[in-house]
Protein chains: 2
Amino acid sequence: MFSIGQLSKRTGVKIPTIRYYEQMGLIDEPERSEGNQRRYTKDGLSRLSFIRHSRDLGFSVEDIRGLLDLSQHPEKPCSDAHSIAAQHLQDVQSRITKLRRLERELKRITKCDAGNVATCAVIETLADHGLCETEH
Amino acid sequence: MFSIGQLSKRTGVKIPTIRYYEQMGLIDEPERSEGNQRRYTKDGLSRLSFIRHSRDLGFSVEDIRGLLDLSQHPEKPCSDAHSIAAQHLQDVQSRITKLRRLERELKRITKCDAGNVATCAVIETLADHGLCETEH
DNA sequence: CTTGAAGCTCTAGTGGCTAGAGGAATTATA
DNA sequence: TATAATTCCTCTAGCCACTAGAGCTTCAAG
Ligand SMILES: [Zn+2]
Ligand SMILES: [Zn+2]
Ligand SMILES: [Zn+2]
Ligand SMILES: [Zn+2]
């Protein structure tokens, strides 16, 4: 049996976050000590580790809800898991694309030789998208 | 003089967002019609365009506050503007780096030949970071 | 003068936590 | 065993940058 603090240390999930996951229904309400403190089992630990790792990989809480559900049913086909993962991969890729466009634009505008704001490329560009090379 | 709706159409900023910016002190409170509706000048329009474009480029509202402030003082050196932009560029680049690591990992796990959850690479990897190739 | 679009204020919700108040339980030390 | 230090409890509110909706008022066209 682990206290919430021990669970937190073992998983790297902060204590208020654990309680938040409980409230969101991602983890079951654990048993309590006589004094009403949470006591977790190994199952609780591995479930929380699963959540932590999924968050680290960028999955949303809603995605994780689905993935946890699937993981409880080993006999089901894994196509649902794959479509969640594939969708997430797409999201990640489209975010990368957008950020790369930003990066290019930001690199360009920070090459400014002006000394003062009146003719600064940063300020001028912000005031006029026409000076940009790409859309965003 | 523009109504808030006209301003919204010209800048692409939604009406509630314009009011939100006013509340946050990013734009001045505009004059009002006799019936208490907002009436904007060309100055208000260009200030909001500046904000919109800065948001499109990913700057935070706090950054924009500083950049707007600078843009009102053309005689000042533009080094402050540059450090805001450079910091933002760094943020963008570090986000790209993280997302690329995610992308690689996600690509890897979605190559799963198993038919069911019991042996699915997606689910197995989520349960065990040891199966990952990179940190995240 | 009527009607419908557009505006007003105010409140609350989004996601995924995080911080703090004020108290109770547990654990470690003397 | 007494006390002190630490951990835990619940509850509320805040973060960012909006977005949505209720219930009302004003404006512009016909
Ligand atoms: Zn400059
Ligand atoms: Zn632009
Ligand atoms: Zn699979
Ligand atoms: Zn991993």
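Within every chain, numbering begins at 1; the chains are lettered A, B, ... in the order of the sequence lines, protein sequences first and strands thereafter.
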Whole angstrom value for the distance that separates C1' of C:dT18 from CZ of A:R19: 12 Å
Sub-4.5 Å side-chain heavy-atom contact between A:L102 and B:L57: yes
Sugar-phosphate only, base, or nothing, as touched by A:Y21 at under 4.0 Å among non-hydrogen atoms: sugar-phosphate
Close side-chain approach of A:H53 and B:C132, heavy atoms under 4.5 Å: yes
Value in whole Å for how far the C1' atom of D:dT6 lies from CD of A:Q6: 13 Å
Residues within residues 89-96 of chain B bordering DNA chain D, heavy-atom distance below 4.0 Å: none
Pair B:E22-B:R38, salt bridge (Lys or Arg N to Asp or Glu O under 4.0 Å): steps then yes or no: CA-CA 11 Å; B:E22 184 184 321; B:R38 291 169 176 81; 2.7 Å; yes
Rounded interatomic separation in angstrom, taking CE from A:M1 and P from C:dT26: 13 Å
Working for salt bridge (Lys or Arg N to Asp or Glu O under 4.0 Å), residues A:D56 and A:R52: CA-CA 6 Å; A:D56 284 347; A:R52 171 71 211 264; 3.2 Å; yes
Earlier contact from the 5' end, DNA chain C, for B:S3 and A:E62: B:S3
Close side-chain approach of B:H73 to A:V117, heavy-atom, < 4.5 Å: no
Residues from residues 28-38 of chain A lying under 4.0 Å of DNA chain C - heavy atoms: A:S33, A:G35, A:Q37
Distance in angstrom units between B:Y40 OH and C:dC8 C1', rounded: 12 Å
Selection: residues 41-56 of chain A, any non-hydrogen atom under 4.0 Å of DNA chain D: none
